[in-house]
Amino acid sequence: MTGEARPEQQEALQRISAIEPAAVNSDLRAALAEAFAYAAMRGGTELEGVRQTLERLLAPLYLTNELAAALSGIPSLPGPTGEETTAALLVARLPASEVSDSLRAAMNHAVTVISGDMYSYSLPDRVLVGALAELFTDEELARVIGSIETVPLTPAQVGAIRVAFRHWGYPTEDRVRDLPGQEVRAAMMRAAGRLNEIDNTEESEIQRLEAAGDRAGQEAIWRQRRERGWSGGTARSALALSQVLRAIGDPAALPVLAGARGHNRADLVPFGEAAVAPAVAAIRSPSAHRDQMRFLLADLARIASTPLAAENKRILSVVARGFLSGETLAEKGMSAGQGLIIDAAADLALALDEPSLAAMVDRLAADPEELVGIGVAPRSADESAWRLRKRIAWSPVVRSSEQLIATLRTIPSSPRPTLSQREAAEQLERMPAEEIDPELHAAMTDAWTYTRTPSVHWHWYHVRTPLTNALVARYSPADVARHMRALTRGESGPDQDLAIEAVVRWRDETPEEARVAMIEALERLNGEARETGRPAYRSRHYSLADAVNRLDDPRGVPALIRAGLGLTCGWTTPALFEVSVEEMTRAIIEDAAPGWLVSEGLRELGYISAGGGLRERPERIRALILDTAIRFLDGEQPTLSSSVSAEDRIAILEGALYLAVATADERLADRVNQLATDVAAVEALGLDRAEAADVSAYARELLAARPLLGPSDC
């Protein structure tokens, strides 16, 4: 766990080597497994000798049924146990003749339940798929993959698909095995087609329910998908098969690839013109749905940017015209959704370089009502027209100062940004500062202030951003310093908010005068917020802390810590590491420190220490971190007194436990073990029985993950 190969470890391994396997008790075996898993996860050469010795010692200690039981326990939380990782690694070294049916079933189970977002299981997952690849013959792959008829998939079917992906899902130079035979190809095409059919039927039904306004019906299908899971459902398996078939490059697979659901599809562009007919057939299919058509149109647009045969160009022209006229969507009884399918059709039309098609795109871009007429939702028409205008040589109207003012004054009464408002904001962004008179500046400021209103904030991003840029272009460092000093005197208004926005853009290039004023202003707001807690998201306090954080100035670290911005595991930048640790340890042991600051500060220190990071720090910094953990776990810290809420005490203790385990310090290990096994010891730190039991259980979880505990566990 220290990450170092020490003499006493070598001595222990030599002594263990002399013990007969039958005499190794469960505690010693568990310790060996944890050490082996840690050494394997660390990689590199530093612990390679230890890893090899541990693997040799562990191999005779596990019966086949014990390996199967360990794999059947996957996944554990918060990460794989040493035994689970050890079982995966030991299984990988077994000859195929020694893999029983039950062990193979456990291997299939493990690769099925390890989902794509369980990064801590990446090593066991990779190792187990590699081991399964040695067990599946091509004949068996063809049989198992070809048996796919419904969902959820069986573990054996998922395992077979994962093996196929390992063999053939990569470019030629990285491919594990030569191209599959015809039987395996046919099985993969048949399975992919069946999964497409299931998925597309569901997707078409969702689209029908959406048009009918049946939210409950849509949710029922989404719930079924969640219950099937990422691996057992169609999504992961269909995507894997599509990628394998694409990587193989067999044109016979094109109809299947074109029929895949949008997010499960494989890129058809490498097939060139050969993909045109299958893609068009899939678009015209009665079961085609919006996402599928949008992605196919995007592929066809890229294919159309290369020279085409006259007949293919004619076919694609008809396809583009059908979407841009609204005829295709009307025939299928669907809308254009958010207009994205029209974007893809416009890309295809422009790639074909036909004047009549370009004219259709121009007409749609010029008038949002035309877009509504072909199926774009009225609330999305302006946004869709804007995206189309970005695709063509669109020349916006140049407005006079009076016209700009009039347009800006319509913003507070508009539910969503209009095209004229967006164009006005972008014109202002391009205008030289000297052309903006006081009346126009006042209208800009009023409009900008409205776009920051929390209830409408997200809708106005594309208007607010150019307005912000136009306004802050008028600010000098002296202006920023003046407005920040005014903030420390209690003044509050758009000038202060815009000064903060200016520094967000200047970042570490902010001049000295403005830097100092920003840090002083943050300290003032920290003092005001001390009783109310951390700054609310999008508040001035939050924005100011964010701006100071971007300065990368060590003088701002104390203020940032007191603001609590970024105490979310990984905030501390290497350049400010030492000063951050010093200030953080000082802040969290203050008697008056708020509970949220203490608990999150402890976790930030744990993040710094996890994965062996503490060894790389200066001795003074290591001592600060270790002493801080000891203070809280020994109950010496006043923050754990009865005057602190139980909720805060729990969060603080759990943060201290994470820190203690992350340090891998032997002095702390005994105390963590005591708290993990003795609920009364936790009660003595100020919790009632039920709360103490929960904290004790959390300590056991951390200890179970200890060999592989890393930053992601924060």
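From a predicted model like this one, the values you see are computed outputs, not experimental measurements.
Contact check for Asp694 versus Tyr698: no side-chain heavy atoms found under the 4.5 Å cut-off. In this structure the side chain of Gln243 reaches within 4.5 angstrom of the side chain of Leu239, judged on heavy atoms. Counting only heavy atoms from C-beta outward, the side chains of Pro618 and Glu578 approach each other to under 4.5 Å. A 4.5 Å side-chain heavy-atom check between Leu419 and Trp386 finds at least one atom pair inside the cut-off. Looking at Thr663 and Ile625, their side chains come closer than 4.5 Å, going by heavy atoms from C-beta outward. You'll find the side chain of Pro396 stays beyond 4.5 Å of the side chain of Glu426, heavy atoms only. Residues Asp267 and Asp299 form a side-chain contact, since some pair of their non-hydrogen atoms from C-beta on lies under 4.5 Å apart. A 4.5 Å side-chain heavy-atom check between Val503 and Val480 finds at least one atom pair inside the cut-off.
Pairs engaging residues 461-471 under the salt bridge (charged side-chain N to carboxylate O under 4.0 Å, His left out) rule: none recorded [sequence neighbours left out]. Residue pairs that meet the ring-ring contact (aromatic ring centres under 6.0 Å, His included) test with at least one member in residues 476-514, sequence neighbours left out, are Tyr475-His483.
Scanning for side-chain hydrogen bond (donor to acceptor under 3.5 Å, both in side chains) contacts around Asn469 gives Glu429, Arg505, with sequence neighbours left out. Scanning for side-chain hydrogen bond (donor to acceptor under 3.5 Å, both in side chains) contacts around Asp343 gives Arg387, with sequence neighbours left out. Scored by the side-chain contact (heavy atoms from CB on, under 4.5 Å) test, Asp437 finds Ser401, Glu439, Leu440 as partners (sequence neighbours excluded). Every side-chain contact (heavy atoms from CB on, under 4.5 Å) that His459 has, sequence neighbours left out, goes to Arg416, Pro417. For Arg671, the side-chain contact (heavy atoms from CB on, under 4.5 Å) test picks out Leu633, Asp634, Gln674, Leu675, Ala681, Leu685, with sequence neighbours left out. When the side-chain contact (heavy atoms from CB on, under 4.5 Å) test is applied to Pro454, the partners found at least two apart in sequence or on another chain are Arg538. For Asp479, the salt bridge (Lys or Arg N to Asp or Glu O under 4.0 Å) test picks out Arg482, with sequence neighbours left out. Remark: Arg631 engages no residue in a salt bridge (Lys or Arg N to Asp or Glu O under 4.0 Å) (not counting sequence neighbours). For Glu582, the salt bridge (Lys or Arg N to Asp or Glu O under 4.0 Å) test picks out Arg620, with sequence neighbours left out. Considering only residues two or more places apart in sequence or on other chains, Glu423 meets the salt bridge (Lys or Arg N to Asp or Glu O under 4.0 Å) condition with Arg389, Arg399.
More than 12 heavy atoms of other shown residues, nucleotides or ligands fall within 6.0 angstrom of atom CD in Gln403. Annotation for Glu636: atom CD counts as buried by contact number, over 12 foreign heavy atoms lying within 6.0 Å. The environment of CZ in Arg379 is sparse: at most 12 heavy-atom neighbours from other residues, nucleotides or ligands sit within 6.0 Å.
Taking all atoms of both residues into account, the shortest heavy-atom contact from Ile411 to Val463 is CD1-CG1, 4.0 Å. Taking every heavy atom of both residues into account, Arg524 and Gly490 meet most closely at NH2-CA, 3.6 Å. Contact between Ala559 and Leu522 at its shortest, heavy atoms only, is CB-CD2, 3.7 Å. Asp362 approaches Trp394 most closely through the heavy-atom pair O-CZ3, 4.5 Å. The minimum heavy-atom distance between Ser305 and Ala351, with the atom names listed, is N-CB, 4.2 Å. Contact between Val376 and Gly339 at its shortest, heavy atoms only, is CG2-CA, 4.2 Å.
Atom CG of residue Asp508 and atom CZ of residue Arg550 lie 11.5 Å apart, to the nearest 0.5 angstrom. Put simply, CZ on Arg540 and OG on Ser492 are 3.5 Å apart, with the number rounded to the nearest 0.5 Å. With values rounded to the nearest 0.5 angstrom, Glu435 atom CD is found 12.0 Å from Arg430 atom CZ. Distance CZ/Arg562 to CD/Glu583: 6.5 Å, rounded to 0.5 Å. The CG atom of Leu576 sits 9.0 Å away from atom CG of Leu560, with the distance rounded to the nearest 0.5 Å. Note that the CG atom of Asp446 and the CG atom of Leu467 stand 11.0 Å from one another [nearest 0.5 Å].
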Go through the steps for Ile405 and Glu402 under the test side chain to side chain contact (heavy atoms under 4.5 Å, CB included), then give the verdict. CA-CA 5 Å; Ile405 291 171; Glu402 292 74 17; 5.7 Å; no
With side chain to side chain contact (heavy atoms under 4.5 Å, CB included) as the test, would you mind laying out the steps for Trp448 and Leu498 before giving the verdict? CA-CA 10 Å; Trp448 180 78; Leu498 285 165; 3.7 Å; yes
Walk me through whether Met444 and Leu428 qualify under side chain to side chain contact (heavy atoms under 4.5 Å, CB included). CA-CA 9 Å; Met444 292 167 63; Leu428 288 164; 3.9 Å; yes
Worked verdict on Glu523 versus Asn526 for side chain to side chain contact (heavy atoms under 4.5 Å, CB included): CA-CA 5 Å; Glu523 284 289 31; Asn526 286 345; 3.3 Å; yes
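The closest donor-acceptor contact from the side chain of Arg515 to the backbone of Thr510 lies under 3.5 Å. The closest donor-acceptor contact from the side chain of Ser645 to the backbone of Asp648 lies under 3.5 Å. When atom types are taken as modelled, the side chain of Ser609 and the backbone of Leu605 share a donor-acceptor pair closer than 3.5 angstrom. The backbone N or O of Ala651 sits nowhere less than 3.5 Å from a side-chain atom of Glu654 that would complete a donor-acceptor pair. At least one donor-acceptor pair under 3.5 Å links the side chain of Thr410 to the backbone N or O of Thr407. Formation of a donor-acceptor pair under 3.5 Å by the Gln637 side chain with backbone atoms of Ile589 is found in this model.
The existence of a salt bridge linking Arg555 and Glu520 is excluded, since no basic side-chain nitrogen approaches an acidic carboxylate oxygen closer than 4.0 Å. A salt bridge between Arg603 and Glu600 is absent, with no side-chain N of the basic residue lying under 4.0 Å from a carboxylate O of the acidic one. Between Asp382 and Arg422 there is no salt bridge, since no side-chain nitrogen of the basic residue lies less than 4.0 Å from a carboxylate oxygen of the acidic one.
A donor-acceptor contact closer than 3.5 angstrom links the side chains of Thr418 and Ser420.
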